[in-house]
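Note sheet for the following structure.
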Amino acid sequence: MQFRNLVIAGIGAAVLTSCTQASTRRDVSISRGKTVYAKECAQCHGARGEGGGPASLGLGLPPPDLVGLRARNDGYFPREFVRRFVLGLLETDDPMAAMPEFGTTGFRHVYPDGGFEGKGVEADLEALLDYLETVQE
Ligand code: HEC
């Protein structure tokens, strides 16, 4: 009986530890995503994703807010859409609208000295998506 309780307690502790690790990993990712956002997106989409950042003047189409992505998509954060849009894989409403195709340019402000190819960028993009998901209103 006592042994069984010990096993159960052990499993409980293991589950708790892995939950804590998972949420810590997610926190790290979100804070990385916030940095990527500030460097690559805020100038157009606003400091908090509210749209109309300082660089949006003079663009063909005003950069939409990004805090309403979930609300505009039936309450579901369109992660895959955002990923493809950011990489430049989707048709844009206005080809002159000047949103960079980050799949081609890389995150140039995060990596001003180059070296933005490969795994780092994939992780940065996931982090950016994790962050954007947290700012939805
Ligand atoms: C130079 C300004 C500029 C920068 C920098 C920029 N965007 Fe955009 N973004 C735009 C414009 C303009 C549009 C509207 C274009 C269109 O729909 O054709 C847009 C549209 C979008 C959309 C589609 C939104 C919707 O509701 O359809 C997403 C998602 C998006 N941007 C995410 C990002 C992310 C994430 C970053 C940073 C990695 C970023 N953008 C950087 C200008 C910019």
Side-chain angles (χ1 to χ4, degrees):
M1 192 58 182
Q2 257 177 357
F3 176 71
R4 217 180 114 207
N5 286 346
L6 210 67
V7 169
I8 291 170
I11 293 171
V15 167
L16 252 175
T17 311
S18 67
C19 284
T20 317
Q21 279 169 354
S23 69
T24 310
R25 253 202 314 277
R26 197 170 159 76
D27 290 346
V28 169
S29 177
I30 289 168
S31 92
R32 174 69 185 161
K34 191 173 180 178
T35 305
V36 175
Y37 180 85
K39 289 182 187 267
E40 303 288 351
C41 324
Q43 72 270 33
C44 288
H45 289 283
R48 286 170 295 102
E50 73 280 21
S56 65
L57 294 172
L59 294 179
L61 204 69
D65 76 80
L66 298 181
V67 292
L69 283 165
R70 183 171 62 199
R72 290 195 293 274
N73 191 48
D74 296 333
Y76 164 77
F77 180 69
R79 193 174 172 105
E80 204 44 45
F81 163 80
V82 178
R83 181 201 311 278
R84 290 183 195 183
F85 201 98
V86 168
L87 291 174
L89 302 176
L90 298 178
E91 294 270 318
T92 55
D93 293 341
D94 176 359
M96 302 303 289
M99 163 131 168
E101 294 183 355
F102 290 95
T104 312
T105 65
F107 291 135
R108 278 177 303 179
H109 300 97
V110 177
Y111 301 98
D113 303 326
F116 44 64
E117 302 85 6
K119 282 251 178 286
V121 170
E122 271 171 48
D124 282 345
L125 182 54
E126 292 310 313
L128 180 61
L129 295 168
D130 284 345
Y131 169 67
L132 283 175
E133 195 163 359
T134 66
V135 301
Q136 296 308 301
E137 291 176 346

- What do the steps show when you test Tyr131 against Val36 for side chain to side chain contact (heavy atoms under 4.5 Å, CB included), and what is the final call? CA-CA 9 Å; Tyr131 169 67; Val36 175; over 6 Å; no
Applying the 4.5 Å side-chain criterion to the ILVMFWY set and letting contacts propagate, would Leu69 and Leu87 be lumped into a single cluster?
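In one cluster with Leu69: Leu87, yes.
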Give the cluster check for Phe85 versus Tyr76: same hydrophobic cluster or not, with ILVMFWY residues linked at side-chain heavy-atom distances below 4.5 Å.
->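 Shared cluster, no.
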Going from [atom1] on [X] to [atom2] on [Y], what distance comes out if it is rounded to the nearest 0.5 angstrom?
X: Ile30; Y: Leu129; atom1: CD1; atom2: CG; value: 11.5 Å
X: Thr35; Y: Glu40; atom1: OG1; atom2: CD; value: 11.5 Å
X: Gln21; Y: Thr24; atom1: CD; atom2: OG1; value: 7.5 Å
X: Leu128; Y: Glu133; atom1: CG; atom2: CD; value: 11.5 Å
X: Glu80; Y: Leu90; atom1: CD; atom2: CG; value: 9.5 Å
X: Arg25; Y: Asp27; atom1: CZ; atom2: CG; value: 11.0 Å

Looking at every non-hydrogen atom in both residues, tell me the closest pair between Arg70 and Phe77 and how far apart they are.
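Where Arg70 meets Phe77 most closely, the heavy atoms are CG-N, 3.7 Å.
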Is the shortest heavy-atom distance from the side chain of [X] to the side chain of [Y] under 4.5 Å?
X: Tyr37; Y: Val135; result: no
X: Val82; Y: Leu66; result: no
X: Asn73; Y: Phe81; result: no

Distance-only donor-acceptor hits, side chain of residues 41-52, under 3.5 Å, sequence neighbours excluded:
from, atom 1, to, atom 2, distance (Å)
His45, ND1, Pro64, O, 2.8
Glu50, OE1, Arg48, N, 2.8

Open item on the list: Has Asp65 got a side-chain atom pairing as donor or acceptor with Val67's backbone, closer than 3.5 angstrom?
Closed with: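 Answer holds: yes.
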Residues Glu126, Arg83: salt bridge by 4.0 Å N-O rule: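 Salt bridge between Glu126 and Arg83, a charged N being under 4.0 Å from a carboxylate O: yes.
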- request: Kindly write out the residues that satisfy side chain to side chain donor-acceptor pair (under 3.5 Å) with Asp130, not counting sequence neighbours, or none if the list is empty.
  value: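 So Asp130 forms a side chain to side chain donor-acceptor pair (under 3.5 Å) with Arg26, Ser29, Arg79.
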